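The next block holds one structure in the form of structure tokens; read it before the comments.
Lettering follows sequence order; numbering is per chain, from 1. What you see is a predicted model; the values in this text were computed from it and never measured.
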Protein chains: 2
Amino acid sequence: MMAMTKPARDCASHGCDRCEVRGNAICADLACEDRAALSRIGRRVHLQAGQTVMWEGDSSTLVANVIEGTLKLSTSTGDGREQIVGVVYASDFIGRPFGARTPHSVTALTDARLCLYPRAAFDNFAREHSRLEHRLLQRTLNDLDRTRAWMLLLGRKNAREKVATFLLDMARRLPADGNGVIDLPLSRQQIADVLGLTIETVSRQMTDLKRRGVIALEGRRGVCVRDARRLENMAEGS
Amino acid sequence: MMAMTKPARDCASHGCDRCEVRGNAICADLACEDRAALSRIGRRVHLQAGQTVMWEGDSSTLVANVIEGTLKLSTSTGDGREQIVGVVYASDFIGRPFGARTPHSVTALTDARLCLYPRAAFDNFAREHSRLEHRLLQRTLNDLDRTRAWMLLLGRKNAREKVATFLLDMARRLPADGNGVIDLPLSRQQIADVLGLTIETVSRQMTDLKRRGVIALEGRRGVCVRDARRLENMAEGS
DNA sequence: CGCGACGTTGAATCAGTTCAAGCCAAGTGG
DNA sequence: CCACTTGGCTTGAACTGATTCAACGTCGCG
């Protein structure tokens, strides 16, 4: 799959033209030749579910675009308690440009494909291409908004509200199959790590939501939102 | 104070030259004439403690540099539970550039002075001055890092760890007087809103820390860190 | 002095955790 | 093909850290 064939014509001479996420990634509105230059800096890599690409606290040497798959961003306390601080999807950007340290680990939740750049080279490229930098800024501002909204959940919502909010967020982001069932990219433990709960509490809340007919569960990872209105009410406090 | 006098010479012809925060604010490395242009867009405003400049969900019409004072960024649930998602100090930037809505309220905790810009004009200016945009990007990336670190606190730390972490953060950011006493810009309720706790729990933890000799309390807002090492241990889990 | 806002303290309650057991579906090997 | 393991998920019962509710202090200001 995805062999790096090299056609002849000027502007079609690099892999990006066939890139699945080009329209949404930060490279979207680069001129054709600039995109070619950027593509020369980067390389494609495949990750298996569970693989970690960047470690919290390590010096920041890599950044990347996510081409396919879902990854988690996480931090931990010294004694091993983990908090997932973000979940990223295709076309999202990962890594810490313009900074010495990677502030959180990045781990693949599903098999994934990345377009990986050495940070230093990327930084230089970005500084010379303000359209790219502008896109990166927009994306970072959005991330910051979403992260701050999540703080309200972590600090002030109870278990039911947390789980309901999480499910709505997932339903919004992930495609549903014909029966309206979505396939969660996270295990129960990982959901707990997103919500600041324990696995048991997550499980109990899910079961409770099922019992009330608000959602249906299909196997371990499948969920179907049956009554979105009610789920939304539960996500706030009512 | 701070009257907008207009001296005659070319490059000294705007208020910025006397600006207390110029070295650290996002305007820092603008060329002299660009800074003059930016200053023409903005205006200085004074805020009294308690005043709110921007409301969560309102359309984003203003952005600003903080010249003096401390402000809080906050979000609330429908039923009035509040979470403080950030505290900003002199030379920080506030507001949501390149976005339609302000995602959180901004309220002065102390009397404050801002350098306020209409968002649309600021956006245009920023798009044409990539050094400004670059600085804004750096700042936003830093904010995001700090915000994500705070998620670990909200999701995974207990009350003692939260309060200890908070105090260390404050001690790092605020100047201490001759006796090592810092003046907290936040009331107990606001500390609770930062940490995702209740006011009573914050009070109990502070008293406990005092009883153990780790900190000393001076009146309502004064704190002195007596044993920083021990406080650091408490901030993680030990 | 006395009022009002802010902070502390105590006792009871409860949401969520902890610990322990059991369940289920998917392998693995005899 | 069936016993047995394995890993993820659920369920139950006991426990506990933080909240809730209520009373009491205390500081600053008219």
Side-chain angles (χ1 to χ4, degrees), chain A residues 48-50 72 77 79-84 109-110 153-167 183-212 215-223 234 237-238, chain B residues 48-50 72 77 79-83 109-110 153-167 181 183-212 215-223 234 237-238:
Chain A
Q48 293 182 294
K72 68 167 182 175
T77 58
D79 58 336
R81 285 169 285 173
E82 177 172 327
Q83 177 66 44
I84 294 182
L109 296 172
T110 63
L153 173 141
L154 288 173
R156 291 298 183 207
K157 291 191 178 181
N158 64 27
R160 168 177 307 171
E161 294 163 352
K162 283 180 176 181
V163 172
T165 306
F166 170 80
L167 290 173
D183 193 53
L184 298 177
L186 301 162
S187 70
R188 293 287 187 271
Q189 180 59 63
Q190 288 163 343
I191 296 174
D193 290 338
V194 170
L195 299 177
L197 294 170
T198 58
I199 182 173
E200 294 94 334
T201 303
V202 172
S203 179
R204 281 188 250 271
Q205 294 298 331
M206 300 273 273
T207 315
D208 192 57
L209 251 24
K210 183 178 77 176
R211 207 176 39 66
R212 291 156 174 267
I215 60 169
L217 298 175
E218 308 272 328
R220 309 198 150 172
R221 299 294 184 104
V223 192
M234 287 175 151
S238 52
Chain B
Q48 292 181 294
K72 67 169 184 175
T77 58
D79 58 338
R81 285 168 285 173
E82 177 172 328
Q83 177 66 45
L109 295 172
T110 62
L153 173 141
L154 289 174
R156 292 296 182 208
K157 291 191 177 179
N158 65 26
R160 170 178 305 172
E161 293 163 352
K162 284 180 176 182
V163 171
T165 307
F166 170 80
L167 289 173
V181 177
D183 192 52
L184 299 176
L186 300 162
S187 70
R188 292 288 186 273
Q189 179 59 61
Q190 288 161 344
I191 296 173
D193 290 338
V194 170
L195 299 177
L197 295 171
T198 58
I199 182 174
E200 293 94 334
T201 303
V202 173
S203 180
R204 279 187 252 270
Q205 294 298 331
M206 300 273 273
T207 314
D208 193 56
L209 250 26
K210 183 178 75 177
R211 206 176 39 68
R212 292 155 173 268
I215 60 169
L217 299 174
E218 307 272 329
R220 308 198 150 170
R221 299 294 184 101
V223 192
M234 288 175 149
S238 51

Nearest listed nucleotide, side chain of B:L197, among C:dT17, D:dC27, D:dT19
D:dT19
Could you tell me the separation between the CD atom of A:Q189 and the C1' atom of D:dT10, rounded to a whole number of Å?
14 Å
Could you tell me the separation between the CG atom of B:L217 and the P atom of C:dT9, rounded to a whole number of Å?
10 Å
With heavy atoms under 4.0 Å as the rule, sort A:S203 into base, sugar-phosphate or nothing.
base
With the threshold set at 4.0 Å, does a side-chain nitrogen-carboxylate oxygen contact exist between A:R212 and A:D208?
yes
Base D:dC9 paired with A:R220 side chain (donor-acceptor, <3.5 Å)
no
Judged by each residue's nearest nucleotide on DNA chain D, which is more toward the 5′ side, A:T207 or A:R156?
A:T207
For B:R160 and D:dG17, give me the distance from atom CZ to atom C1', rounded to whole Å.
11 Å
Could you tell me the separation between the CG atom of B:L184 and the P atom of C:dG7, rounded to a whole number of Å?
10 Å
Donor-acceptor pair (no angle test) under 3.5 Å: A:R204 side chain, C:dT18 base:
yes
Would you kindly give the CD-to-P distance between B:E161 and D:dG17, to the nearest whole Å?
12 Å
If you take all heavy atoms of A:K162 and A:L153, which pair is closest and at what distance?
CE-O, 3.3 Å
Of all the choices, C:dT17, C:dG7, D:dC9, which nucleotide is nearest to the side chain of A:T201 once you look at every atom?
C:dT17
What's the CD1-C1' distance between B:I199 and D:dT19, to the nearest Å?
13 Å
Between the main-chain N or O of A:R156 and the side-chain N or O of B:R81, is there a donor-acceptor pair closer than 3.5 Å?
yes
Can you tell me how far C1' of D:dT11 sits from CG of A:L209, to the nearest Å?
17 Å
Which nucleotide wins on minimum distance to the side chain of B:R221, given the candidates D:dC9, C:dG16, C:dG7?
C:dG7
Expected output: side-chain A:Q83 to main-chain A:D193 donor-acceptor under 3.5 Å
yes
Closest approach to the side chain of B:E200, judged atom by atom: which nucleotide of C:dA20, D:dC27, C:dT9 is it?
C:dT9
With no hydrogens and no angle check, is any side-chain donor or acceptor of B:R188 less than 3.5 Å from a backbone partner on B:R220?
yes
Side chain of B:Q205, heavy atoms from C-beta onward: which of C:dT8, D:dC9, D:dA18 has the nearest atom to it?
D:dA18
Rounded to whole Å, the CG-C1' distance (B:N158 to D:dT19) equals 15 Å
